[in-house]
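Values in this document were obtained by computation on a predicted structure and should not be read as measured data. Letters A, B, ... are given to chains in the order of the sequence lines, protein chains preceding strands, and every chain is numbered from 1. Just the heavy atoms: all of them, side chains too, but no hydrogens, waters or symmetry mates, feed the values below.
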Amino acid sequence: MPEGPEVESVRRELLQLINLVVEKIAFTPLSQKYTKYQGKEEKFSQFTNQKLRNVHRFNKFLVWEFDKAPVILNHLGMTGSWTMISSLEELSSKTTHPKVIVEMRTPPHAIFDDSRNFGQFRLFSSIEAVKQYPPIKKVGIDGLAEDFPLGEFIDRLAEQRFQNRQIGDLLMDPRLVAGIGNIYKAEILFEAKIHPERTVSTLSTEETTLLGKSISKILLKAFYDKGSSFDARYKLPSGESGGAQRWHKVYQRIDQPCDKCGSLIEKIIQKNRSTYYCPTCQD
DNA sequence: CCGCTGGCCTGCGAGC
DNA sequence: TGCTCGCAGGCCAGCG
């Protein structure tokens, strides 16, 4: 379940592909079951002979940049993953639902695998054009910034448009902070000792300050552990798993005792999302 | 512009 | 053991 820390971890490994020349970007027979992938191979044929220049991240989107325009906007969705292989013969053994094959002149090659098919591949004329794409243009603070702008976070949270939102819902809204998904939303609120259903306008200065610090702390800690792989579906392009699931305090720990106070962790449904919290530590 | 809802998808595990 | 069914949560089109 790729959130910001997972996507950034994937990006760091994909940087190994920089300066390799594309032989072909191919779409597998499986991908052709889905309309969103039909006709893509022709549009992506222009990348043959192009050298990969960079892989960027905006929120949870990856952007593949080549010598020449256009650029590829790629989202992992829920189950999307990139796997690097040294020979195309490894494809069947190392992937289960391959959709896109980025074949290089020389290995490694990169396979996009996506069982639930929520992943995205779109073409944009330039990086600048990607930045005008509304889901990216509206993005607020990058929660993974090494030097998290706490003052800016407090100012943004004070904006009128956010005052009536519940904090558990708002943390998932990239217009405030980018990179938080359902797992780290819960872990951040536990760290900040704030109940997920609290309305933003009721938060004290101390609470908003601690919340900002908790966002940065949890996301960076998760990134240093290369993300959460608790269900074994999320893997890095190298095949390595993440380790952040080892320190989850509330996510998917319903009815288990809180590490801090022993109360049983509870789950509520908030905006159609499971939200885990400690009823004693968070109020 | 805003916020909310339902759709896209398949694998897995709980419960019968 | 085998079946059904609900859940998992990323974005986003469409609606009011």
Please report, rounded to the nearest Å, how far the P atom of C:dA8 is from the OH atom of A:Y184. 18 Å

Is a side-chain donor-acceptor pair under 3.5 Å present for A:Q270 with A:Q166? yes

What is the distance, to the nearest angstrom, from the CG atom on A:N272 to the C1' atom on B:dG7? 12 Å

In terms of side-chain heavy atoms, does A:E65 have a donor or acceptor partner in A:H56 at a distance below 3.5 Å? yes

Counting only heavy atoms not in A:K226, do more than 12 sit closer than 6.0 Å to its NZ atom? no

Can you see whether A:Y277 engages A:E266 through a side-chain donor-acceptor pair at a distance of less than 3.5 angstrom? yes

Are A:K36 and B:dC8 close enough that a side-chain N or O sits under 4.0 Å from OP1 or OP2? no

Check residues 146-155 of chain A and write down every donor-acceptor pair under 3.5 Å in which the side-chain atom is one partner and the other belongs to a residue at least two apart or another chain.
{"residue": "A:E146", "atom": "OE1", "partner": "A:Y224", "partner atom": "OH", "Å": "3.3"}
{"residue": "A:E152", "atom": "OE2", "partner": "A:R156", "partner atom": "NE", "Å": "3.1"}

To the nearest angstrom, the OH-P distance between A:Y34 and B:dC8 comes to 13 Å

A:L176 atom CG is separated from B:dG3 atom C1', nearest whole Å, by 16 Å

Under 3.5 Å, is there a donor on one side chain and an acceptor on the other for A:K185 and A:T275? yes

Rounded to whole Å, CZ of A:R165 lies from P of B:dC2 at a distance of 10 Å

Between C1' on B:dG3 and CD on A:Q166, what's the gap in Å once rounded to a whole number? 13 Å

Atom-to-atom span, CD of A:Q32 to P of B:dC9 - whole angstrom: 14 Å

Quick one: list whatever passes side chain to side chain contact (heavy atoms under 4.5 Å, CB included) with A:V130, sequence neighbours left out. A:F58, A:V63, A:V71, A:L73, A:F124, A:I136

Quick one: the dot-bracket string of DNA chain B, using Watson-Crick and G-U wobble pairs with both distances under 3.5 Å, [ ] for crossing pairs and | for bases paired to another strand. .|||||||.|||||||

For the residue pair A:D113 / A:S81, report whether a side-chain donor-acceptor contact shorter than 3.5 Å exists. no

Under 4.0 Å between any heavy atoms, over every strand shown, what does A:K33 touch: base, sugar-phosphate, or nothing? Just pick one. sugar-phosphate

Please find out if less than 6.0 Å separates the ring center of A:F44 from that of A:F47. yes

Scoring nucleotides 11-16 of chain B by protein non-hydrogen atoms under 4.0 Å (B base, S sugar-phosphate only, - none) yields S-----

A:Y234 side chain near C:dA8 phosphate (N/O to OP1/OP2, under 4.0 Å): no

Does B:dG3 have OP1 or OP2 under 4.0 Å away from a side-chain N or O of A:R175? yes

For A:M172, the hydrophobic cluster (side chain heavy atoms closer than 4.5 Å, chained through members) also holds none

Whether over 12 other heavy atoms sit under 6.0 Å from A:K217 NZ: no

Look at all strands and tell whether A:S274 reaches a base, only sugar-phosphate, or nothing, counting heavy atoms closer than 4.0 Å. sugar-phosphate

State yes or no: are the ring centers of A:Y184 and A:Y251 separated by less than 6.0 Å? no

5' to 3', nucleotides 10-16 of chain C under a 4.0 Å protein heavy-atom cut-off (B base, S sugar-phosphate only, - none) gives BBS----

